[in-house]
Participant: 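Dropping a structure here in structure tokens format, bear with me for questions.
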Amino acid sequence: MPELDRTPPYLQVVQELRRRIVDGELADGDRLPSVRQIAEEWQIAQATAMKALAALRADGLAESVTGVGTVVRSRRTLHRSAADRLDRALRTGKIYPEDEYAVIQAAELAVAPAWVADLLGLNEGAQAIRRHRVTHNSDGPVSASVSWFPAEFAESVPALLIAERIPGGTPSAIESGTGRRAANDATEEASAVFRATTEQASDLGISAGDPVYVGRNIYSDVNGEIIEIGESVAPEGRWRIHR
């Protein structure tokens, strides 16, 4: 039985089931534990278990289906952030859950935009490694992202310059090539809502000017040195779950 702490019991259940959904352990269409099963597993009242399932429905992660129960509905509503994917990669060695995959659009040396150059300590016009990917599920594109890496990784991590998926993700490749491990607790994120650019709209199958959720993230190693800077974009209507 999962151990309970001082967090209200229903929130502990919600946090654990959210984690399973975000990680892909519970996929779209999977049946969630019933009220009775939750009550027995966590040793809580059935009213508390009902409250937990209601919270997941309010998050847009689940819905009630007559004759079935409460099922996961994440394929069209969930936005997995860069932090979610790093956490999964460090724990499981896999970036994407079973129902998602990435298509690498570009892997190249390119002039870093000003905000990236500033973070990497580069002069204006200097190059960095750029990887552009679009993540899909069975319904189509769910997000797009561009990651930037120090140019010196071109020699130690040559896979970053190949327009193919990297097994285990970029954090694994960087650790193998440089010995520098991404620190999960050293990830920074910022986000805002913008209008889709032409490139973002093309990636996501939406119209230029449509609202999109943009997140910027910084991955650092255990010594606090930056190893990856990313910007991800998702269409409206997808929930970013904070854990």
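All values below come from the heavy atoms of this structure, side chains included, with hydrogens, waters and symmetry mates left out.
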Participant: With the side chain counted from C-beta on, respond yes when Ile166 and Leu160 share a heavy-atom pair under 4.5 Å apart, and no when they do not.
Facilitator: yes

Participant: Below 4.0 angstrom, N of the basic side chain to O of the carboxylate: do Arg131 and Glu108 qualify?
Facilitator: no

Participant: Under 4.5 Å between side-chain heavy atoms, hopping through other hydrophobics if needed: is there a path connecting Leu122 to Ile218?
Facilitator: yes

Participant: Spell out, as yes or no, whether a donor-acceptor pair under 3.5 Å connects the side chain of Asp210 to the backbone of Ser207.
Facilitator: yes

Participant: May I have the step-by-step check of side-chain contact (heavy atoms from CB on, under 4.5 Å) for Val71 and Leu32, ending in yes or no?
Facilitator: CA-CA 5 Å; Val71 298; Leu32 287 164; over 6 Å; no

Participant: Check Pro9 against Thr48 and note the closest heavy-atom contact, atom names and distance.
Facilitator: CB-CG2, 4.3 Å

Participant: For Arg180 and Phe153, run side-chain contact (heavy atoms from CB on, under 4.5 Å): C-alpha distance rounded to whole Å, both residues' side-chain angles, the deciding distance at 0.1 Å, then the answer.
Facilitator: CA-CA 11 Å; Arg180 297 168 62 182; Phe153 285 1; 3.7 Å; yes

Participant: Compare all side-chain heavy atoms of Asp203 with those of Val233 and state whether any distance is below 4.5 angstrom.
Facilitator: no

Participant: Say you draw a straight line from CD of Glu236 to CG of Leu204; how long is it, rounded to the nearest 0.5 Å?
Facilitator: 11.5 Å

Participant: The test is side-chain contact (heavy atoms from CB on, under 4.5 Å); show your working for Asp221 and Arg181 and say whether it passes.
Facilitator: CA-CA 5 Å; Asp221 63 19; Arg181 180 175 175 82; over 6 Å; no

Participant: Kindly indicate whether the side chain of Glu225, heavy atoms from C-beta on, has any atom under 4.5 Å from the side chain of Ser220.
Facilitator: no

Participant: Is Val14 reachable from Met50 through a run of hydrophobic residues whose side-chain heavy atoms are each under 4.5 Å from the next?
Facilitator: yes

Participant: Can you name the nearest heavy-atom pair linking Ala112 to Ala117, along with the distance?
Facilitator: CB-N, 4.1 Å

Participant: From Leu61 CG over to Leu17 CG, what is the distance, rounded to the nearest 0.5 angstrom?
Facilitator: 10.0 Å

Participant: Of all the heavy-atom pairs spanning Arg73 and Val65, show the shortest one and how long it is.
Facilitator: NH2-CG2, 4.5 Å

Participant: Using a 4.5 Å cut-off on heavy atoms from C-beta on, say whether the side chain of Ile174 contacts that of Ser176.
Facilitator: no

Participant: In Å, rounded to the nearest 0.5 Å, how long is the span from OG1 of Thr135 to OH of Tyr101?
Facilitator: 10.0 Å

Participant: Within the side chain of Gln43, is there an N or O that forms a donor-acceptor pair under 3.5 Å with the backbone of Glu40?
Facilitator: no

Participant: Identify whether Leu26 and Leu11 are in the same connected component of the hydrophobic contact network (ILVMFWY, side-chain heavy atoms under 4.5 Å).
Facilitator: yes

Participant: How far does CD1 of Ile227 sit from OG1 of Thr178, to the nearest 0.5 angstrom?
Facilitator: 7.0 Å

Participant: Quick one about Ser147 and Arg133 (side-chain donor to acceptor, distance below 3.5 Å, no hydrogens or angles considered), yes or no?
Facilitator: yes

Participant: Quick one: are Trp148 and Glu231 in side-chain contact, heavy atoms under 4.5 Å?
Facilitator: no

Participant: Given 3.5 Å as the limit, does a donor-acceptor pair link the side chain of Asn123 with the main chain of Ala126, or not?
Facilitator: no

Participant: Ignoring hydrogens, what is the shortest heavy-atom contact between Ser34 and Arg31? Give both atom names and the distance.
Facilitator: CB-NH2, 4.5 Å

Participant: Under 4.5 Å between any side-chain heavy atoms of Val103 and His136, yes or no?
Facilitator: yes

Participant: Out of curiosity, Thr70 OG1 to Asp30 CG, how far, rounded to the nearest 0.5 Å?
Facilitator: 13.0 Å

Participant: In terms of hydrophobic clustering (I, L, V, M, F, W, Y; side-chain heavy atoms under 4.5 Å; direct or indirect links), are Val134 and Ile162 co-clustered?
Facilitator: no

Participant: Considering all heavy atoms of both residues, which atom of Ile206 and which atom of Pro235 are nearest to each other, and what is their separation?
Facilitator: CG2-CB, 4.5 Å

Participant: Evaluate Val146 against Arg130 for side-chain contact (heavy atoms from CB on, under 4.5 Å), listing each step before the verdict.
Facilitator: CA-CA 7 Å; Val146 174; Arg130 176 183 181 272; 3.7 Å; yes

Participant: Are Ile226 and Leu119 close enough that some pair of their side-chain heavy atoms sits under 4.5 Å apart?
Facilitator: yes

Participant: Looking at CZ of Arg57 and CD of Glu63, how far apart are the two atoms once the value is rounded to the nearest 0.5 Å?
Facilitator: 10.0 Å

Participant: Is it the case that the side chains of Glu228 and Thr170 hold a donor-acceptor pair, with the cut-off being a distance below 3.5 Å and no angle test?
Facilitator: yes

Participant: Kindly indicate whether the side chain of His132, heavy atoms from C-beta on, has any atom under 4.5 Å from the side chain of Ile104.
Facilitator: no

Participant: Minimum heavy-atom separation for Gln46 to Ala39, with atom names?
Facilitator: CG-CB, 3.9 Å

Participant: Any carboxylate oxygen within less than 4.0 angstrom of a Lys/Arg side-chain nitrogen, looking at Glu16 and Arg20?
Facilitator: yes

